[in-house]
Amino acid sequence: MSAVFEFEGLSVPPGAMQRTRVPFMQLADGTAVSMPVMVMNGARPGPRLYIGAGIHGDEVNSIALVARALQQVDVQQLAGSIVCVPVQHPPSLYSDHRLPLAQFLKSPLDQAPADAWTCFPGQADGNLAQVVAATLFRMIRKCDFALDIHTPTRGGRYVPIAILPHAGIGPAAQVAEEMGRALGTGWVMRGDRGMYVSDGILCVEATKAGIPALTFEIGEGGRLEEGSVATGAACVLNLLRHFKMIDGTIEVPAVTHVMRDFLGLRASRGGLLITEVKLGQAVKQGDLLCRVIDIFGDEVERFVAPVDGLFVRATTLSTVTTGERVATLGLL
Ligand SMILES: [Zn+2]
C-alpha cells in the first residue's frame, strides 16, 4: 500500500501533492534560504523517484523541463511517489551561474570545493556545497531511484544524453543503465572514467548507496528553449512509464547511440570560434569540426576529428582563449 512520505517535519499522505521548502542556510542578515521541494505522493503504490534539477544555477532548461513533465502527472493516478527538487542549489540560481558566486568570490579557498554536484554524499557541518549536497542526499536516501538533470554550463550545448554511473558499482548501476535507455534520449554515455563517473558526483554516490541514479544532460546553459524543454519532459515521462508510475508507452528514438567516452578538444590559440558540424552529427577521422580565426580574420587553428565519433557537445560561446574546449566527441 502507499505510504505517507515523511521528511524532516514534512508529511505528505498518499493521493496528495505538496509544494514546500526545505531550509538549509542563513545569510548574514539572518535571512533563511531554503530549497523548493515538490512531493507527489501517488494514490497508488509504486516506487519512489527522486528528480533533481538546477544544481548548477545556469541550467534553466533542466528546471523548466521537470516542471513541464510533472504538470502532466495526476497524483490521483500516480503509482508511487515523486520527490522533486527543481532547484537543487538556490544560491547558484541567484547568481545565474554554475556556482554560487557571492559565496565563492567572497572566500574562494574556504568555499572549495564549490560545486555541490561533486560533494555527495555531502557533509552537514561542511562548507556550503557540502551542506547543500548533504541536504539533498538525505532526501535521495528516502527514494528508490534518482534522476539528476543538467544542461552544460553556459557556453556549451549537448545532445540529449543519459550519462550512467560506471558499471563497476555493480547491480544498482545495471538498473541505472536500464533507466538510461528507458529515458529515450537516443544518446547514452556508458563510460568508466572522467568527471561524470567520479566519486562525489550525485548519481555515482546515490548508486553506490543502492539508489540507482543517472545524469541527464540536455540543451544549452543559460538558455530556456522550447525544444529542449519539450524533449526533456518527454524523456522524464518515459522514465515514469518505465517504472509503471504512469500509463502509456515509452517512446524511444529509432537509434540509440551508446558511447564509451568523451573526447574534448581544446584551443591552443585565441580568437573567434566557427563550428563547422551540426550537433549530433557522426564524424570520421580527419573531418573538420571547427576553426579559430583571429580578430583580423586569419585562420589560426583548425580542429579535425582525431578519431571517428559523434559530435555530442558544442561550444556556443563565440570567443576562445588558450585551453578552452571547442568541441567534444562521443566515442563509440
Ligand atoms: Zn550541471
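As the structure lists them, so they are numbered: ligands from 1, and atoms in each ligand from 1.
Under a hydrophobic-cluster definition in which Ile, Leu, Val, Met, Phe, Trp and Tyr are linked whenever side-chain heavy atoms come within less than 4.5 Å, directly or via other members, Ile82 and Phe137 are assigned to different clusters.
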Apply side-chain contact (heavy atoms from CB on, under 4.5 Å) to the pair Arg291 and Glu276, showing each step before the final yes or no.
CA-CA 8 Å; Arg291 309 182 284 126; Glu276 302 284 3; 2.8 Å; yes
Practice problem: List the steps and the verdict of side-chain contact (heavy atoms from CB on, under 4.5 Å) for Arg266 and Val326. | Solution: CA-CA 6 Å; Arg266 292 183 182 273; Val326 294; over 6 Å; no
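Taking the six-membered ring for Trp and the full ring otherwise, Tyr50 and Phe145 have centroids separated by 6.0 Å or more. Proximity of the aromatic rings of His150 and Trp117 is defined here by a centroid distance below 6.0 angstrom, and this criterion is met.
Here the straight-line distance linking atom CG of Leu70 with atom CG of Leu237 works out to 8.0 Å at 0.5 Å rounding.
Counting only protein atoms, the N, O or S atoms lying less than 2.8 Å from the Zn ion (ligand 1) are His56 ND1, Glu59 OE1, Glu59 OE2, His150 ND1, ordered by chain and residue number.
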